[in-house]
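Below: one structure, written as structure tokens.
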Amino acid sequence: MAKITKQSDNFAKWYTDVILEADLAEYGPVKGTMVIKPYGYSLWENVKDTLNSMIKESGHENAYFPLFIPKSFLEKEAKHVEGFAKECAVVTHSKLISEDGVLKVDPSSKLEEEIIVRPTSETIIWHMFKKWVTSYRDLPIKINQWANVVRWEMRTRLFLRTSEFLWQEGHTAHATKEEAMAETLMIVDMYKCLFEDHLAIPTMIGRKSNMERFAGADETYSIETMMRDKKALQAGTSHYLGTNFGTAFDVKFQSKENKEQPVFATSWGVSTRMIGALIMVHGDDKGLKIPPRIAPHQVVIIPINPKNEEKEKFDNFVDTIYNKLKNDSIRCSIDNSNNSPGFKFNNWELKGAPLRIDIGLKEFQNNKVTVCRRDTGEKEEISPGQLSQLSSTLEDIQKGMYSSASTFLEENTFELNDYSEFKKLLSKENCFIKTYWDGSDISELKIKQETKATIRCILEDVNDSNLKCIFSGEPAKHLVVFAKAY
RNA sequence: CGGGAUAUAGCGUAGUCCGGUUAGCGCACCUCGUUUGGGACGAGGGGGUCGCAGGUUCAAAUCCUGCUAUCCCGACCA
């Protein structure tokens, strides 16, 4: 049977093994594409549903904008062009001709204007916002869309970087800078809550440096997370776009005072990449470990009755247990597959189900069930009457997963301000390093070239002449966190 | 976009150097039986345009040419 590579042997291989073996996803026929299988998709759906209600509760409305974007739209915002030009799928023709069963592009169907498959939707959305905004009464507009986008990446990995991925992209338009900035920050908090409370993933949050900022943003805030191999993964971003897109698409509004004013923008998103984070933050050598709140199966029941003794009564007993859990709103399923118990135990550990309930003849006769925790491996016999405590066990697992991930992040985050120590530490192991930086591109670039570590985010600004940049020794402007990143 | 490797059943592979039976094996699958508390076992069975297109030859998975795709490593990126 399939065994997965140990994390310590080859973390990258472990990651791929887990995804394929746990049946989350598999490779699509076109390079960089991925089929998200039912188990992986239901995981995504649970996250999506949670986030979707947060988005709606915070006053946003869902809408849908087209996949196809005229090439000319992308040209309108200079930095945006620069950022995305190198990774766009382009539609140039609309017809194929069949020659002896071989399909060829019909040259006569060449498009007047080439069409871009959206790498993100700012341009098409701001094109529409121009039509929608004339007065201060039209603002703010707070739109979100769940969509797929395409970025033609050189190097791809399941969930982390695929040519096509699923995400949510929020786009808002505001009358003032303050309001847009407040929106940007509110979203950061929303993502923080999603990651910490639901995915049990601790975060490190801050602004991006010039070099790492989103193409077309004035400020990018990012949600940084630490994987088990101690590399950083940017798991979500929220951008303050200033008036860049408003200006590029000529969107203006008339104020109460009848003055023409520019429109301020934000955009923000999290993608299926977050599933990658989930895998790499919690997984172990047995496989996935999914936090109860988003687990497709919170409890899996494994009946063990090889000889079908007292079949009817036994099955009724199992059903009773199942129904009790259902009534407690626990996502629960019974594994009646033809596999041996041993296989099922391993398989559900691989798939990361938080709790397992074994019911054999032994339990049946004693009116008990055996509960086994994925996180600790602990087994406990309880009576059916005690099943109601499982909801709190699940919460306990959820909290435990968050706190152990938190401890891991803390234990592997160091504060230092000596460059030779910095280099020594990073050459030895991956980690997060908090340190001071002078804010210059040159220092950042040099550090990246020498250590491969990048500024993940700016934690805070500093104004103290005693604090010096770790690289240049010049007065420091920011406290930042460095790490090697995915 | 550079460097490397690979392409044989659903998956993993042997065979390729040195052309020659009906392309072999493991896993998975199907049937039957025995099993089942930490990845069960036996017997039987089905499944292959050997990546694609040409060429050499009496004969090509094997040699030659071209193409395509994927994987790994770098540069770039959510």
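Here is how names work: the chains are called A, B, and so on, in the same order as the sequence lines, proteins then strands, and each is numbered from 1.
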Query raised in the report: Under the 3.5 angstrom rule, does the side chain of N10(A) hit a backbone N or O of K13(A) as a donor-acceptor pair?
Result: yes
Query - Candidates rG39(B), rC77(B), rG38(B) - which lies nearest the side chain of F343(A) - result: rG39(B)
Query raised in the report: Which pairs, with at least one residue in residues 189-199 of chain A and sequence neighbours excluded, count as a salt bridge (Lys or Arg N to Asp or Glu O under 4.0 Å)?
Result: K192(A)-E196(A)
Requested in this report: May I have the step-by-step check of side-chain contact (heavy atoms from CB on, under 4.5 Å) for T266(A) and I187(A), ending in yes or no?
Outcome: CA-CA 10 Å; T266(A) 80; I187(A) 295 297; 5.8 Å; no
Report task. With sequence neighbours left out, write down each residue that passes ring pair (Phe, Tyr, Trp, His ring centres under 6.0 Å) with F129(A), or none if nothing qualifies. Result -> W126(A), W132(A)
Report task. Calculate the interatomic distance between K452(A) atom NZ and rC77(B) atom P; express it in whole Å. Result -> 15 Å
Query raised in the report: Counting any heavy atom closer than 4.0 Å, what does Q234(A) reach on the DNA or RNA strands: base, sugar-phosphate only, or nothing?
Result: sugar-phosphate
**Report entry** N339(A) CG - rG39(B) P separation (whole Å)
**Finding:** 13 Å
Requested in this report: Please collect all salt bridge (Lys or Arg N to Asp or Glu O under 4.0 Å) contacts where either partner lies in residues 230-239 of chain A, sequence neighbours excluded, each pair once.
Outcome: K230(A)-E429(A)
Query raised in the report: Does any residue of residues 200-223 of chain A have a heavy atom under 4.0 Å from RNA chain B, and if so, which ones, in number order?
Result: none
Kindly give the atom pairs (protein nitrogen or oxygen, nucleotide nitrogen or oxygen) under 3.5 Å for nucleotides 1-6 of chain B.
none

Report task. Using distance alone, with no hydrogens and no angle criterion, decide if S383(A) and Q386(A) have a side-chain donor and acceptor under 3.5 Å apart. Result -> yes
Query raised in the report: Between rA40(B) atom C1' and K344(A) atom NZ, what is the distance in whole Å?
Result: 13 Å
Report summary line: Per the 3.5 Å Watson-Crick/G-U criterion and a run length of at least three, the stems involving RNA chain B are B:1-7 with B:68-74, B:10-13 with B:24-27, B:29-34 with B:40-45, B:51-55 with B:63-67
Requested in this report: Figure out the CG/P separation between N338(A) and rU31(B), and round it to whole Å.
Outcome: 10 Å
Query raised in the report: Hey, does the side chain of Y486(A) reach the backbone of M227(A) with a donor-acceptor pair shorter than 3.5 angstrom?
Result: no
Query raised in the report: If the C1' atom of rA23(B) is compared with that of rC50(B), how far apart are they to the nearest Å?
Result: 8 Å
Could you go over nucleotides 68-70 of chain B and give all protein N or O partners under 3.5 Å, atom names and distances?
{"unit_1": "rU70(B)", "atom_1": "OP1", "unit_2": "K31(A)", "atom_2": "N", "d": "2.4"}

Query - Neighbours of RNA chain B within residues 348-367 of chain A, by heavy-atom distance under 4.0 Å - result: E349(A), R356(A), D358(A), G360(A), L361(A), K362(A), E363(A)
Requested in this report: Would you kindly give the CG-to-C1' distance between L233(A) and rC77(B), to the nearest whole Å?
Outcome: 12 Å
Requested in this report: Check each residue of residues 301-313 of chain A for a non-hydrogen atom within less than 4.0 Å of any atom in RNA chain B, then write out the ones that pass by number, or none.
Outcome: I304(A), P306(A), K307(A)
Requested in this report: Just compare rG38(B), rG39(B), rG37(B) and give me whichever is closest to any side-chain atom of N347(A).
Outcome: rG39(B)
Give me the distances for all protein-to-nucleotides 41-45 of chain B N/O pairs that come in under 3.5 Å?
none

Requested in this report: Taking salt bridge (charged side-chain N to carboxylate O under 4.0 Å, His left out) as the test, write out the residues that go with R161(A), two or more places apart.
Outcome: none
Report task. Check every strand shown and say whether S163(A) touches a base, only sugar-phosphate, or nothing at a heavy-atom separation below 4.0 Å. Result -> nothing
Query - Interatomic distance at C1', rU8(B) relative to rG48(B), whole Å - result: 8 Å
Requested in this report: Any side-chain hydrogen bond (donor to acceptor under 3.5 Å, both in side chains) involving residues 74-88 of chain A? Give me the pairs, sequence neighbours left out, ordered by first then second residue.
Outcome: none
Requested in this report: Return the nearest nucleotide to the side chain of K379(A); candidates are rG37(B), rC77(B), rG38(B).
Outcome: rG38(B)
